[in-house]
Amino acid sequence: MTVNEQLIPLIPLLPILGFAFTAFAGRRIGRFAFLIPLLLVIASWAIAMGVVYTQLTGGYGEAGATVALWTWVPAGRFTVEVAFHVDNLTACLLIVVTTIGMLVHLYSVGYMAHDPGRWRFFAYLNLFMFSMLLLVLASDFLVVFAAWELVGLSSYILIGFWYPRRSAALAAKKAFIVNRVGDVGFALGIMAIWVALGTLDIATVNERIGTLQPLTISLIAFLVFCGAVGKSAQFPLHVWLPDAMEGPTPVSALIHAATMVNAGVYLVARTATIYAHAPEMMVLVAAIGTFTAILAASIAFTQTDIKRVLAYSTLSQLGYMFAAFGVGAFTASIFHLMTHGFFKGLLFLGSGSVIHAVHDEQDMNKMGGLWRKIPVTHWTMLIGTLALSGIPPLAGFFSKDQILGESFILGFYWVWGIGLLVAIMTAFYMFRLMGKTFYGSPSAYAKSIWESIHEGPWTMLLPLVLLAIPSVFIGAALGLPLADPLIKQWLLPVFEGAETTLAREVPEYQLFGIDGALIIVSVAAATLGAVVSAWLFGLFRTRTRPAAVERATASSRVTRFLYRASLNKWWFDDLYDLLFIRIGGRVADAIVWFDVHVVDGTVNGTGTVVSGTGRILRRVQTGRVQNYALGIAFGLVVMAGAYLFMASR
Amino acid sequence: MTWSDVTLIAPLVAALLVAFAIIVVDAIAPHRDRIAVAVGLAGLAIVAVLTVWTDQAPGLAFGGAYTVDTLTTYLDLIFIAIVALTVLVGPDYLGPRDLPVAEFAATLVFAMTGAMLIAGSADLLVLFVGLELMVLPGYLLAGYAKRDALSTEGAIKYFLLGSFSSAIFLFGLAYVWGLTGTTRIAGVADAIAAAQGLSPALAMGVAFVTTGVAFKIAAVPFHYWTPDAYQGSPTPVTGYLSVGPKVGAFALIIRVFVEALGPINADWLPVMGVLAVLTMTLGNLVAVTQTNVKRMLAYSSIAHTGYILVGLTAYAADPNSGGLEAVLFYLAAYSFMNLGAFAVVSALQKRPGVTSQLDTFAGLGRREPYLGILMTLFLLSLTGIPPTAGFFAKALIILSAVQAGGWVPILAVITVLNAVAAAFYYLRVVVYMYMRDPQIEPAEVDHGPLLRLGVAVAAVATVILGVLPGPLIDAATKAASSLFRG
């Protein structure tokens with residue numbers, strides 16, 4: 001089976017049609033406004049799967065498929081082509097984006113059933129799908145940037161979907177502004193590429209980047225990475241993602257777990273050749289990734305809002321991906337992107353199902369013992385948790401092990417060490433989440449609504465089940481055989497150039513040697529975290545031990561400090577508040593003073609001149625025809641004088 | 001008169017017949033506005049088809065007095081689009097004021113015939129006849145609300161000053177004819193090229209011609225008529241006057257300056273440059289102080305004339321700079337976005353008595369979201385923000401000025417500064433539409449389907465030219481290249 005490459009433009013086109021239609025007609029259609037967007041996204045998914053299949057089986061040939069649509073900017077030397085390019089990397093992203101996008105659309109039918117603005121929600125979701133698909137398909141940096149901004153815009157309007165709620169409006173604004181910081185870097189990076197190479201075509205840039213000065217390459221790599229840090233919420237721009245949980249839960253699943261936040265990882269992977277020429281920047285990427293991974297994991301320890309725990313977990317896992325990219329394990333980074341997309345999407349949709357069941361309550365302290373009441377949600381979330389913790393043979397085990405194993409083999413012991421610690425912490429906070437939500441005895445609040453707790457409609461449960469399947473199998477499907485996994489075979493052509501440039505020595509895979517040992521260590525780490533957590537917070541009917549938790553945190557000054565640091569998110573929000581709101585505000589006040597007293601003075605001076613000129617001009621505009629005619633005659637004389645002067649030269 | 005003469009002027013004849021048809025239909029079925037409009041639009045469609053058809057076999061007609069080339073076709077199609085859009089938008093405004101719609105449409109089509117004659121003229125006399133045919137209906141339209149004192153006053157001023165400038169223009173043509181002994185444009189160009197340089201007598205002639213033309217395009221300091229004529233006219237007429245005669249006058253400039261006076265381009269280059277700077281700067285300066293949107297758009301149309309003159313200057317400095325292509329693209333883009341903006345203004349003024357003050361726009365974004373969004377689109381395009389038609393129009397002008405070399409790149413800088421200043425008064429309207437609440441909630445207005453269609457067409461054109469400008473740029477390049485025959 002091959003799918004004609006001319007169908008590729010339909011993949012982003014169908015969702016934007018859905019957006020246009022729903023935006024104009026949605027209100028009138030009312031309750032069933034979700035139908036058109038849903039069907040179009042399913043159609044887009046079907047085409048995408050066909051394209052992915054054709055691409056991965058070599059149907060489009062060595063270089064992949066390129067569909068040139070039109071020349072957007074045909075201004076002399078500066079041309080921008082709107083063209084879609086599908087290679088194996090794009091194919092991997094298409095699998096994640098379209099599949100999860102489709103399931104989230106389906107889930108939203110149930111989740112948003114009672115929201116009067118449901119048509120609006122589906123229109124926005126379609127807009128997001130278009131932007132995200134444009135982002136992964138575009139073959140030109142400027143188009144990628146346009147899509148990048150569109151993704152940011154749709155994220156903004158979806159976080160602020162319930163905009164009458166002040167916290168939602170503020171969170172949307174925060175996400176938008178923090179992202180802007182990274183985007184400025186990305187924009188500068190694109191300009192630097194244009195100045196240095198005279199082209200914005202991504203493939204050409206990857207080819208020619210080696211001809212530049214090392215310093216220029218490093219600068220470009222750094223600027224592009226700024227964009228990635230913003231969109232993928234890495235330290236120090238990580239503060240927007242937890243707040244973004246103010247958006248409806250399907251949005252959190254789609255945008256802030258499975259797709260948009262991966263855009264940064266995709267961007268650096270797409271430009272891997274640039275980074276291969278700037279190895280010191282790769283170390284920076286690895287450092288930022290590793291640091292974010294442990295920082296976010298430590299915060300996830302003490303959060304009580306179910307969605308926030310998952311948000312910090314997302315930050316931490318994205319950190320893993322950047323760390324993998326930084327050490328040169330490009331394939332592992334994309335592999336983890338894919339597996340994480342599925343099980344994190346599952347966990348978020350599951351948390352939405354929990355929140356739905358307990359009447360829009362998100363505090364885990366008010367839950368407990370829910371596993372009997374909402375079994376489907378519980379079992380699927382347990383699968384997601386096991387997958388995220390890295391318990392074999394679920395999806396997360398394979399990708400996480402690849403990351404940790406390759407960091408060790410490539411000699412980045414610090415990445416491996418911290419990564420291992422984060423793996424323990426991940427298993428711990430995920431089982432804490434499960435224990436507080438589903439096990440132990442119900443809290444007072446849960447008891448008070450016990451009778452009315454029930455599972456959501458089938459539209460909400462079906463996506464959970466459908467996401468649980470890849471969360472179990474996709475790791476084994478892509479990660480076996482361990483020595484030469486399928487995902488490596490897929491992505492080899494994409495990263496070949498970068499890997500040749502890096503020229504890292506990778507020894508033969510030894511299942512019964514060092515590699516096997518590393519697997520055992522990481523499985524042991526995950527199991528340790530899970531077991532300790534299950535002992536403290538309970539598993540099924542076993543009782544929890546809150547006293548043990550309190551004793552542990554209160555045991556010494558160090559643990560007390562760590563507990564407070566985690567609870568207060570290491571005071572980053574307070575630090576930024578001090579730096580940018582209070583100190584920055586002072587600076588802004590000073591600038592305002594300068595503006596009022598100096599600039600405005602000048603401007604008012606100009607204004608006086610202008611309005612003075614205006615008065616004179618108004619006097620010219622007397623409304624009397626004779627004067628006008630005289631003016632024209634006068635102009636004629638000047639004109640004749642000018643021409644005569646030129647004739648006399 | 002040969003058969004090919006007839007086929008070449010077929011679009012012109014058809015246009016005249018369309019105008020007559022509208023009048024006849026109105027005589028048979030008086031006050032059936034929809035029928036008159038339908039006849040007009042169908043007729044215009046036929047004219048457009050004929051225009052494209054004659055382009056298949058271009059050539060000279062009537063012994064070299066009239067020409068059909070790619071440029072003629074390009075300009076003719078813009079004229080047809082302008083008139084069609086105005087006919088779509090007009091009835092909604094004229095109807096409630098008891099102004100006849102059929103005559104409005106017929107007068108517009110007559111004016112269009114004149115403009116088409118200019119675009120295809122290969123002879124200075126034909127050109128002048130075309131010019132008068134184009135502007136006379138314009139005077140009529142300016143005074144269309146004949147019970148309105150302001151309208152009548154504006155129309156009379158427009159007429160008096162217009163006649164004055166036409167006389168000046170004709171006087172200049174007489175000089176040119178006296179010195180070269182021919183009125184054929186190609187002949188004039190040859191004679192001037194042979195004479196090598198600007199003689200004092202020719203200088204006088206060119207000065208008169210330039211003055212006359214500068215009046216027609218409302219270049220500063222010959223713009224005095226615009227505020228009065230624009231303010232007094234019914235709003236759809238103002239929209240038409242700000243694009244139709246302007247595009248026609250630029251067609252005339254291309255035929256006279258680029259073709260006939262092409263050999264002395266170095267001599268009119270500085271004059272055009274100075275006119276460009278004065279025009280865009282003063283237009284913007286005064287537009288900033290306006291609180292009436294109609295008047296603001298009138299002054300800003302002066303500023304746009306200045307931008308177009310920059311393209312012309314770039315062409316005069318270096319024919320390979322792409323200046324002429326930029327001018328042609330700008331004319332098309334400007335027609336759509338400006339007509340669109342005026343269409344929204346006239347839609348708001350549907351009920352008699354509603355002014356075009358800024359306050360009228362307060363809260364429009366909430367009251368009428370579609371009109372609000374589309375007005376925002378037009379204003380963004382007029383400002384020159386991507387991805388709209390106006391962005392590429394300005395970008396091409398600025399690029400051509402940069403590539404022209406010499407002192408012309410200074411014009412590019414002045415253009416950019418002016419565009420920034422223009423953003424202030426265009427975006428102020430957007431601020432009113434979305435961030436101000438009206439003092440008194442205005443009554444609901446029901447817009448007719450024709451008006452909706454007109455605004456939608458203008459909006460679609462504005463977006464398409466911004467997202468997919470390639471085909472039009474190609475067409476403009478082809479049209480410009482048809483001038484370099486000799």
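In what follows, chains are A, B, ... by sequence order, proteins preceding strands, each numbered from 1. Any value given below was found using the heavy atoms of this structure, including those in side chains, with hydrogens, waters and symmetry copies removed.
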Where on [X] is there a heavy atom nearer than 4.5 Å to chain A: the side chain, the backbone, both, or neither?
X: I168(B); value: side chain
X: P369(B); value: neither
X: Y370(B); value: side chain
X: V271(B); value: side chain

### Task
Under the side chain to side chain contact (heavy atoms under 4.5 Å, CB included) rule, collect the residues that match up with T415(B), sequence neighbours excluded.
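Per chain and number, T415(B) pairs via side chain to side chain contact (heavy atoms under 4.5 Å, CB included) with M280(B), Y307(B), V310(B), I398(B).
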
### Query
Taking only residues two or more places apart in sequence, or in another chain, which ones meet I36(A) in a side chain to side chain contact (heavy atoms under 4.5 Å, CB included)?
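Result, side chain to side chain contact (heavy atoms under 4.5 Å, CB included) vs I36(A): F21(A), L40(A).
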
### Query
Would the F329(B) and F392(B) ring centres measure less than 6.0 Å apart?
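Not close enough - the centres of the two rings lie 6.0 Å or further apart.
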
### Query
If you tally heavy-atom pairs under 4.5 Å against chain A, which of I156(B), D267(B), L160(B) wins?
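Going by pairs under 4.5 Å, I would pick D267(B).
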
### Query
Considering only heavy atoms from C-beta outward, does the side chain of S44(A) approach that of M129(A) to under 4.5 Å?
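No, every pair of side-chain atoms sits at 4.5 Å or beyond.
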
### Task
Measure F24(A) against the heavy atoms of chain B and call it side chain, backbone, both or neither at under 4.5 Å.
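It is both, since atoms from each part get that close.
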
### Task
Evaluate the criterion salt bridge (charged side-chain N to carboxylate O under 4.0 Å, His left out) for residue pair R180(A) and D183(A); output intermediate values, then yes/no.
CA-CA 5 Å; R180(A) 210 81 1 238; D183(A) 291 354; 3.1 Å; yes

